[in-house]
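If you read the sequence from its start, that first residue is 1, and numbering goes on from there.
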Amino acid sequence: MVVVAKFGGSSVSCASQFVKVKEIVTSDPNRRIVVTSALGKRDSNDTKITDLLYILHAHLKYSVPYEDVWKMLFDRFVGVQEELKIDYDIKDDLNSLYKELNKNIDQSYLVSRGEYLTAKLLSSYLGYKFVDAKNLLIYNYDGKLDEVSTEKRVKEALSLYGYIVVPGFYGSYPNETVHLLSRGGSDVTGSILAKSINANLYENWTDVSGVLTADPRIVNKPIAIKEITYAELRELSYMGASVLHEETVFPVQQLNIPINLKNTNEPTHPGTLIKNICTDESSIITGIAGKKDFLSFNISKDHMSNEVGFLRKALSVFEKYNVSIEHVPSGIDSFSVVVSASNVEKIKYDIITDLKNELNAIISVESNIALVAIVGRNMAKHSGVCAKIFQTLGNEGINVKLLAQGPEELNIIIGVDQADYEKTIKAIYNNMIK
């Protein structure tokens, strides 16, 4: 059995967190691949190492004094090394990096040093072999992963060393220059490594005990989800439940490798298990998530449904302006196109004009809409879920502006006035999950 364990920035933010990570890793000899983010925030007033590196690059690029930023970086890394008496001369690597600093230094390379140095610290502390991600994760020049080369290199490294630590967040192009992933990309690194060796389990350690059923900033102490399917997680993630990088799921899903989201600060908590098929039927609704700041283009015309291509013409206007569409709720003589307000902020009136010219229809716009997603694989097995949602919101005096449901009955999307966003989530949680 092989387990890949990825630790986020909060899990390696300071020396005491390193101690927790070592206790977790060494408690199970199957944890043979460890992936780490860069040192994270120690408290709400702190700054992530990755953010400091971006700031450092900006200072270098625009010839702004950078010594204070460098000292913060230097002190954070050296502080961990000295406090834990780690047998790794990090000062030597830091001094070498300092000599490379200039206004033309590659941003991806500089930013990747956060994970690189953290992984070297952690590998020495654990007694695992450090293997640079640029020697494992190989990307083509178009940014697409070379899966064949990557799989071969990962298997060779694990076979050669047995237990390895790999920095997250980056790989390399064929010419060995650094390819940086998008923010949160260490989750993806772990997923790719897990797929490459067909791991039995991919553990993702962070500072929360799994996926929560609702946003804890809105609902007081929401319960954690025991089991969730990959599809459900995608729905919740898309609607704002940002627990994992959204690209994390795809590599492991192909081989049905389960993901276990766990809390470094509460390691005995089972967390949330993510897999293709879940058997837990204890809850009708798996979770609730939502986003604010949407608007709706409402399009009305008599006998619209008899006009072939009418909807296509409308959607082509949004395609023209490269606007992504969230939902298209419809009636007989009208339909709405719901989009993110930020995507049309500067072109709203251009779109209205084009829609009128193209469709000869009545166009109106409704702003300040919030979307709330109620997600649950078990909803399809129970009748009256929509009715209960409407009853719950009606009792709270909340008006539903739009309703959409996928063909698999995995989720129900409702649109409400933005002022009722938090109230909506609280009402559904308290009446249908708690």
* Can you measure from CE (M432) to CD (Q391) and round to the nearest 0.5 angstrom? => 9.5 Å
* **Short side-chain to backbone donor-acceptor contact, T150 and I138, under 3.5 Å** => yes
* Is the number of heavy atoms from other residues, nucleotides or ligands under 6.0 Å of E319 CD greater than 12? -> no
* **Pair K401 + E366, salt bridge at N-O below 4.0 Å** => yes
* May I ask you to decide if I24's main-chain N or O and S27's side chain share a donor-acceptor pair within less than 3.5 Å? => yes
* Do you see a donor-acceptor pair shorter than 3.5 Å between the side chains of N204 and K262? -> no
* Chi angles and distances behind the side-chain hydrogen bond (donor to acceptor under 3.5 Å, both in side chains) call for N343, Y321 -> CA-CA 9 Å; N343 288 343; Y321 289 98; over 6 Å; no
* Asked: How long is the span from the CZ atom in F250 to the CZ atom in R234, to the nearest 0.5 Å?
  -> 3.5 Å
* If we ignore angles and hydrogens, is there a donor and acceptor under 3.5 Å between the side chains of S11 and T264? -> yes
* To do: Could you grab the distance from atom CD1 of I90 to atom CZ of R76, nearest 0.5 Å is fine?
  => 11.5 Å
* Of the options V12, L39, T118, which is the one that meets I49 in a side chain to side chain contact (heavy atoms under 4.5 Å, CB included)? -> L39
* **Point-to-point distance, once rounded to the nearest 0.5 Å, from CG of D280 to CG of N378** => 7.5 Å
* Structure fact -> Separation between CG (D333) and CD1 (I362), nearest 0.5 Å, reads 10.5 Å
* Asked: Hey, are the side chains of M304 and I332 touching, using non-hydrogen atoms and a 4.5 Å cut-off?
  -> no
* With the side chain counted from C-beta on, respond yes when I105 and L60 share a heavy-atom pair under 4.5 Å apart, and no when they do not. => yes
* Any chance you could measure I285, atom CD1, to I374, atom CD1, to the nearest 0.5 Å? => 6.5 Å
* Hey, mind stepping through N298 and S336 against side-chain hydrogen bond (donor to acceptor under 3.5 Å, both in side chains) and telling me if it holds? -> CA-CA 4 Å; N298 302 321; S336 299; 2.7 Å; yes
* Asked: Distance-only, no hydrogens or angles: does the S283 side chain make a donor-acceptor pair with backbone N or O of T286 under 3.5 Å?
  -> no
* Looking only at atom types and distance, does a side-chain atom of S112 sit under 3.5 Å from a main-chain N or O of Y109, one as donor and one as acceptor? -> yes
* Using a strict cut-off of less than 4.0 Å between a Lys/Arg side-chain nitrogen and an Asp/Glu carboxylate oxygen, indicate whether K291 and E326 qualify as a salt bridge. => no
* To do: Identify the heavy atoms of R42 and S13 that sit nearest to each other, and give their distance.
  => CG-O, 3.4 Å
* To do: Sort out for me which residue in L136, I192, V4 forms a side chain to side chain contact (heavy atoms under 4.5 Å, CB included) with V166.
  => L136
* **Backbone of S10 reached by a side-chain donor or acceptor of Q17 within 3.5 Å** => yes
* Please indicate whether Y62 has more than 12 foreign heavy atoms, meaning atoms of other residues, nucleotides or ligands, lying under 6.0 Å from its OH. => no
* Presence of salt bridge, K275 and E227, under 4.0 angstrom -> yes
* Asked: Is the backbone N or O of K144 less than 3.5 Å from a side-chain atom of D142, with the two atoms forming a donor-acceptor pair by type?
  -> yes
* **Beyond-backbone contact of N411 with I413, side-chain heavy atoms, under 4.5 angstrom** => yes
* Measure from the side-chain N and O atoms of K301 to the backbone N and O of L359, and report whether any donor-acceptor pair falls under 3.5 Å. => yes
* To do: Report yes or no: does H57 contribute a side-chain atom to a donor-acceptor pair with the main-chain N or O of L53 at less than 3.5 Å?
  => no
* Flag, side chain of E83 to backbone of V80, donor-acceptor distance under 3.5 Å -> no
* Are the side chain of N260 and the backbone N or O of T272 linked by a donor-acceptor pair below 3.5 Å? -> yes
* Is it true that Y116 and F169 have ring centroids separated by less than 6.0 Å? -> no
* K22 charged N/C atom sitting above Y125 aromatic ring, 6.0 Å / 45° -> yes
* Test: K292 and E422 ion pair at under 4.0 Å -> yes
* Should the pair R113 and Y170 be classed as cation-pi, given the thresholds of under 6.0 Å to the six-membered ring centre and 45° from the axis? -> yes
* Flag the pair Y139 / Y173 as yes when their ring centroid distance falls below 6.0 Å, and as no otherwise. => no
